[in-house]
Amino acid sequence: MARIDPNKLALEERVVQINRVAKVVKGGRRFSFSAVVVVGDGAGHVGVGIGKAGEVPESIRKGVEDAKKNLIRVPLVGTTIPHEVRQQFGASTVLLKPASQGTGVIAGGSVRAVVEAAGVRDILSKSLGSTNPVNVVRATLEGLRSMRSAEDISARRGRPVRIFIPGQPSGVENGNGR
């Protein structure tokens, strides 16, 4: 898959979690910070990054850089996702379900940050297992990465997309006539 150029997108960043880590040394404790950051353009592109540094702003900046390197394209169907997906990462499992228009984003903080940055407006989700924000965010991203649009699947199979419209006997080819 071709890498997405972050410079061509108007990316917004969102900090999911900042964690203070203490390292005990001879003279006392040394503190450093790790930040989980989500970037997205709200139109189907999203990335997640983790930054670690001695200061919070620096860790956020590093997280944003990392997120820009890991951008993915999310297939959208209107304002929602094309199909249900259940994805595991570590001990975290995330369930993402398409929702009808006007439902809104029904999701916890970590999942919400990722799907809103991706531009999903209507979705149902449930975080199962571990609620570690790093693993939940990664599971959500992997779930979105594994999504396939109807066009992708039909192209892979070499068959046209058939959309069922009530009142028409056989459906419509490739969505023309909706």
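Side chains included, hydrogens not; waters and symmetry mates left out as well; all remaining heavy atoms used.
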Point to revise | Qualifying salt bridge (charged side-chain N to carboxylate O under 4.0 Å, His left out) pairs, either residue in residues 42-64, two or more places apart | key: Glu58-Arg61, Arg61-Glu65

**Study point:** Exercise: identify the closest heavy-atom pair between Val111 and Ser125
**Key:** CG1-OG, 3.7 Å

Review point. When Ser127 is tested against each of Thr140, Thr93, Leu95, Val136 for side chain to side chain contact (heavy atoms under 4.5 Å, CB included), which residue passes?
Key: Val136

Revision key, fill the gap. Residue set satisfying side-chain contact (heavy atoms from CB on, under 4.5 Å) with Arg157, at least two apart, ordered chain then number -> Ile153, Arg159

Review point. With side chains defined as the heavy atoms from C-beta onward, is the minimum distance between Arg138 and Val36 less than 4.5 Å?
Key: no

Exercise for review: Output the distance between atom CG (Leu128) and atom CZ (Arg86), rounded to the nearest 0.5 Å.
Suggested key: 5.5 Å

Revision key, fill the gap. Quick note, side-chain hydrogen bond (donor to acceptor under 3.5 Å, both in side chains) partners involving residues 105-120, not counting sequence neighbours, are Arg14-Glu116, Arg112-Glu116

Check your understanding: Looking at residues at least two apart in the chain, or sitting in another chain, which of them share a salt bridge (Lys or Arg N to Asp or Glu O under 4.0 Å) with Arg30?
Key -> none

Exercise for review: Show which residues join Leu124 in its hydrophobic cluster (side-chain heavy-atom contacts under 4.5 Å, direct or indirect), or state none.
Suggested key: Ile106

Check your understanding: Can any side-chain N or O of Asp41 pair as donor or acceptor with the backbone N or O of Leu11 at less than 3.5 Å?
Key -> no

Only pairs under 3.5 Å count here: list side-chain donor-acceptor contacts from residues 74-82, not counting sequence neighbours, and write none if there are none.
unit_1, atom_1, unit_2, atom_2, d
Thr79, OG1, Asp122, OD2, 2.4
Thr80, OG1, Ala99, N, 3.1
Thr80, OG1, Asp122, O, 2.7

Review point. Under a 4.5 Å cut-off applied to non-hydrogen side-chain atoms, are Leu9 and Ile4 in contact?
Key: yes

Throw together a table of side-chain donor-acceptor distances under 3.5 angstrom for residues 15-27, partners on residues two or more places apart or in other chains.
none

Practice item. Measure the shortest side-chain to side-chain distance between Met147 and Asp152 over non-hydrogen atoms and say whether it is less than 4.5 angstrom. Key: no

Review point. What pairs with Asn135 under side-chain contact (heavy atoms from CB on, under 4.5 Å), at least two apart in sequence or on another chain?
Key: Phe89, Ser92, Asn132

Point to revise | Partners meeting side-chain contact (heavy atoms from CB on, under 4.5 Å) with Glu13 (sequence neighbours left out) | key: Val37, Val39, Ile60, Val64

**Study point:** Within-4.5 Å side-chain heavy-atom neighbours: Val46 and Leu71
**Key:** no

Practice item. Enumerate the residue pairs fulfilling salt bridge (charged side-chain N to carboxylate O under 4.0 Å, His left out) with a member in residues 97-107, sequence neighbours excluded, ordered by first and then second residue. Key: none

Review point. Partners of Lys69 by side-chain contact (heavy atoms from CB on, under 4.5 Å), sequence neighbours excluded?
Key: Arg3

Check your understanding: Passes side chain to side chain contact (heavy atoms under 4.5 Å, CB included), Asn70 versus Val48? Steps please.
Key -> CA-CA 7 Å; Asn70 301 313; Val48 172; over 6 Å; no

**Study point:** Other residues, nucleotides, ligands: >12 heavy atoms within 6.0 Å of Glu84 CD
**Key:** yes

Exercise for review: Hey, could you give me the NE2/OG distance between His83 and Ser149, rounded to the nearest 0.5 Å?
Suggested key: 8.5 Å

Revision key, fill the gap. Sequence neighbours excluded, the answer for salt bridge (Lys or Arg N to Asp or Glu O under 4.0 Å) partners of Glu142 is Arg145

